[in-house]
Number of protein chains: 2
Amino acid sequence: MRSEFTVAVHCLALLAYLPDHRASSELLAHNVSTNPTRIRKIMSTLKKSGFVKTKEGIGGGYELNCQPAEVTLAEVYRSICGGTLKPHWSSGNPEEKCLVSANMALVMDGFFREAELYYEEYLERNTLQTVLERLRQCQQKTARGETHVHEY
Amino acid sequence: MRSEFTVAVHCLALLAYLPDHRASSELLAHNVSTNPTRIRKIMSTLKKSGFVKTKEGIGGGYELNCQPAEVTLAEVYRSICGGTLKPHWSSGNPEEKCLVSANMALVMDGFFREAELYYEEYLERNTLQTVLERLRQCQQKTARGETHVHEY
DNA sequence: TATACTGTAATAATATTTCATACAGTTAGC
DNA sequence: GCTAACTGTATGAAATATTATTACAGTATA
């Protein structure tokens, strides 16, 4: 579920990076290395949260609907997979009389929920702009001085 | 992988809770609601990190080897599943010429690694003692005034 | 009206997680 | 020494979650 967050950030970053800030699900899918259906599902969620606009029909696709410097990763995270840091599996058994077994699931839920807030606090400090900056830092490291042909 | 953390905390908390701080993998497995093999694997890791002592043979089992108030959840977390917050799936394709596609995996890795530090920072503030306290709070809420028979 | 899109459902393929079984090695007590 | 009750670990099966594929209805453009 957390890889959906990666995909969402990737798509938003790519839209921010592209000169016209627009792309189809097929183009996004190829760039992300996944399939268009997955992209459409995730972008559909991002649309509901207002990060992108969509246009159906010929010449349609997805268009960035926000300022890269103003959208934090925490907002994207919550939109896509907030509350998913706790594991699916739960420990103990509520039917048991033992204090530990009966309540451990509940207690751990609390810890995971609170820890997630700290997690989000970090994401809060980073925006789509930060992502673009880090991408450009990669470029400087791997191909200092060279110019790339960008094949979207 | 993060549910292993839950199991580890559960086992350590139970050992801390039990009067003699000792239990076999079978007893732990039943209390946690899982199988002894899983418990032994996790406890084996906790042993290597020094949180518990083990004794093989008749009358053997696991024994707490630390002070509940001094062991933070962050230490347990790192012992069991540090570095597992980033998803298995990676976005993009390093072979692509596009800056975004080529480097997104690397950039997201960085974010996940740093976010995990914030996550651990929260766990740092909580110890096995905290877990026991929260368990007792559950008891107060659900069965105020009643005495429980504890069937380990 | 044909074409190129999104939105979404349904299902297949794959990967991960959890469980079950088995057995070698260890220790204690008889 | 022998047996019984443990841990440590390997291996494979079962259950579950994730990702990919296919299909098609709805929409906008030319």
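Sequence lines set the chain letters: A, B, ... in the order given, protein chains first and strands last, and positions in each chain run from 1.
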Notebook entry, point to check: How do P36(A) and K55(A) order along DNA chain D: which one's closest nucleotide is nearer the 5' end?
Noted result: P36(A)
Margin query: Can you work out whether S24(B) or N35(A) has the more 5'-proximal nearest nucleotide on DNA chain D?
Written below: S24(B)
Identify which nucleotide among [options] has an atom closest to any side-chain atom of [X], counting heavy atoms from C-beta outward.
X      : options                   : value
K48(B) : dT7(D), dG7(C), dT9(D)    : dT9(D)
T34(B) : dT16(C), dC19(C), dT29(D) : dC19(C)
S44(B) : dG8(D), dC5(C), dC6(D)    : dG8(D)
E56(A) : dG8(D), dT27(D), dA28(D)  : dT27(D)
I58(B) : dA20(D), dG7(C), dA28(C)  : dA28(C)
T37(B) : dT19(D), dA28(D), dA22(C) : dA22(C)

Check: Is there side-chain contact between T6(B) and F112(A), with at least one heavy-atom pair below 4.5 Å?
Finding: yes
Check: Angle class for the Y119(A)/Y119(B) ring planes (parallel below 30°, perpendicular above 60°, tilted otherwise)?
Finding: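 Y119(A) vs Y119(B) ring planes: perpendicular.
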Next item on the list: Compute the centroid of each ring, for Y77(B) and then for F5(B), and state whether the two points are separated by less than 6.0 Å.
Entry: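 Judged by ring-centre distance (under 6.0 Å), Y77(B) and F5(B) do meet the cut-off.
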Check: Just how far, in rounded Å, is P of dT6(C) from CD of E26(A)?
Finding: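 In whole Å, dT6(C) P and E26(A) CD are 9 Å from each other.
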